Amino acid sequence: MNPDNKPFISIILPCYNEEVILQGSLDVIINCLESKNDKYQWEIVLIDDGSKDKTGIIADNYEKQSSNIRVIHHPTNLNLGNALKTGFKNAKGDIIVVMDIDLSYSVDHIEKMVDKLIETSSDIVIASPYRPGGKVTDVPFMRRAMSRWVNRLMRIAAQDKYYTYTGMVRAYKKEFIQTVNLKTKDYEINPEILYKAMILRARVVEIPAHLDWTEQNKHKGKRTSSIRMLRGFFSGIMSAFIFRPYIFFLAIGSLLMILSMYELIWLLVDTLKELSTPMALEKSFSTSLALQFRKNPQSFLVGGITFLAAIQFLSLGFLSLQSKRYFEELFHLGTSLKKQNEKSNIQQ
């Protein structure tokens, strides 16, 4: 906290080719923050992620006009993940808020997230349009459906249950987010943060949010920075897999085992029926089984292959579970050592 006991918040704004909306959005954000000067100390950290239009020039003009605004330029487009990591690294505030420059989440969410983070002593507060009480307006049907489906899949796979894993609009406690080692370079960074927050037993809170594309739709065709829908969809599926990969292997293995058992049990039943007939008194079990093989070779083939495949998937499931536990232990240990080193450096 700063000497006035007011929370110091850093607003991170990743931007790529946003000249069409940048000035209007910055004016709205600045006006909102200035109206809260009695409540917060604030700064805006704008990351120009290698824009090819006038985004960087517009941002630099704002930086010259206000000491509360800092602009960091990437020499080339390094994607959302790297833009956020740059913002986290350079933020000075005690609380870091990430907003979308198109203001599809209104600026009112800033105060709501910051207040909730302080009130609950949380490490992360998520603005969630899919949480009960949340709302989605004017988002194209296909994009909305795919986003909901991916987030539901992640909710099934993840050990901690939230409603929105892919959303970028969040508030973070600085001392938490700056100690998390993040690797992904693009949209996958948002699920990655939550996954690693779960490993570190961080306190995560969701608040209902309103995702509104009314204004964004007015600029359709004029902006070049829109998220590629299919890429985001498949990256979301992969993120769900990473949360608990063994669930997918065990589920497929269990299904294949059921199918193989269905075939093999019926073969066993038919073999025993053959042995129980009066004409089969002198037949052995192996002879009856061979007879069934001649009658239904496809059943042996399907049952045997699915059984072997089931064993393979179940084995992969147990191995991935063990690997996940090793990774989580090492990540937790590495983060703890990183925190201790940073404290030692500060004391020195």
Side-chain angles (χ1 to χ4, degrees), residues 7 9 11-14 29 32 80-81 84 95-173 176-177 180 184 187-217 227 229 232-233 235-244 247:
I9 61 175
I11 310 298
I12 306 298
L13 298 175
I29 295 170
C32 171
L80 178 63
L84 287 180
I95 297 171
I96 299 174
V97 175
V98 178
M99 291 291 290
D100 198 328
I101 194 62
D102 63 13
L103 296 185
S104 50
Y105 292 82
S106 70
V107 290
D108 297 339
H109 291 90
I110 296 174
E111 184 176 19
K112 292 176 182 177
M113 290 189 295
V114 170
D115 288 355
K116 179 60 72 171
L117 189 140
I118 295 171
E119 174 193 339
T120 58
S121 298
S122 302
D123 296 298
I124 305 174
V125 172
I126 305 168
S128 173
Y130 304 131
R131 180 181 174 81
K135 187 178 179 182
V136 178
T137 302
D138 283 345
V139 176
F141 172 78
M142 185 59 68
R143 182 182 290 272
R144 183 173 69 250
M146 293 175 76
S147 176
R148 282 186 179 274
W149 191 88
V150 165
N151 279 284
R152 285 174 181 170
L153 179 62
M154 290 185 185
R155 181 176 170 84
I156 293 170
Q159 60 192 48
D160 292 347
K161 306 302 180 183
Y162 307 113
Y163 291 90
T164 303
Y165 294 83
T166 57
M168 181 177 72
V169 177
R170 299 172 183 172
Y172 300 96
K173 187 179 292 183
F176 168 76
I177 195 62
V180 179
T184 49
Y187 310 112
E188 302 90 346
I189 192 170
N190 295 308
E192 181 194 5
I193 291 170
L194 286 185
Y195 171 52
K196 291 181 175 177
M198 294 175 199
I199 297 174
L200 298 172
R201 308 294 188 268
R203 179 166 174 75
V204 181
V205 175
E206 277 186 301
I207 62 170
H210 184 193
L211 173 59
D212 187 355
W213 271 37
T214 303
E215 290 298 319
Q216 190 179 76
N217 289 332
I227 295 175
M229 186 167 59
F233 177 74
S235 69
I237 292 176
M238 287 305 299
S239 296
F241 177 80
I242 291 169
F243 276 124
R244 283 198 283 187
I247 286 182

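Keep in mind it's a predicted model, so treat the numbers as computed, not measured.
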Nearest 0.5 angstrom please: Ile110 CD1 to Ile9 CD1, how far? 6.5 Å

Any sub-3.5 Å donor-acceptor pair from Ser128's side-chain atoms to Arg131's backbone N or O? yes

Any side-chain donor near an acceptor of the partner, His210 and Thr137, under 3.5 Å: yes

Under 3.5 Å, is there a donor on one side chain and an acceptor on the other for Thr214 and Asp138? yes

With no hydrogens and no angle check, do the side chains of Asn151 and Thr166 hold a donor and an acceptor under 3.5 Å apart? yes

Less than 6.0 angstrom from the centroid, inside 45 degrees of the normal: does Arg155 satisfy that with respect to the ring of Tyr165? no

CD1 (Ile193) and CE (Met168) are apart, to the nearest 0.5 Å, by 10.5 Å

N/O donor-acceptor pair under 3.5 Å between Arg203 side chain and Thr120 backbone: yes

Among all residues two or more places apart in sequence or in another chain, which pass the salt bridge (Lys or Arg N to Asp or Glu O under 4.0 Å) test with Glu192? Lys196

Could you work out, with salt bridge (Lys or Arg N to Asp or Glu O under 4.0 Å) as the rule, every residue matching Asp115, not counting sequence neighbours? Lys39

Value for CD1 (Ile96) from CD1 (Ile11), rounded to nearest 0.5 Å, stands at 10.0 Å

Atom pair CZ (Arg148) and CG (Leu153), whose distance is rounded to the nearest 0.5 Å: 15.5 Å

Say whether, by atom type as modelled, one donor and one acceptor occur between the side chain of Lys161 and the main chain of Ile156 under 3.5 angstrom. yes

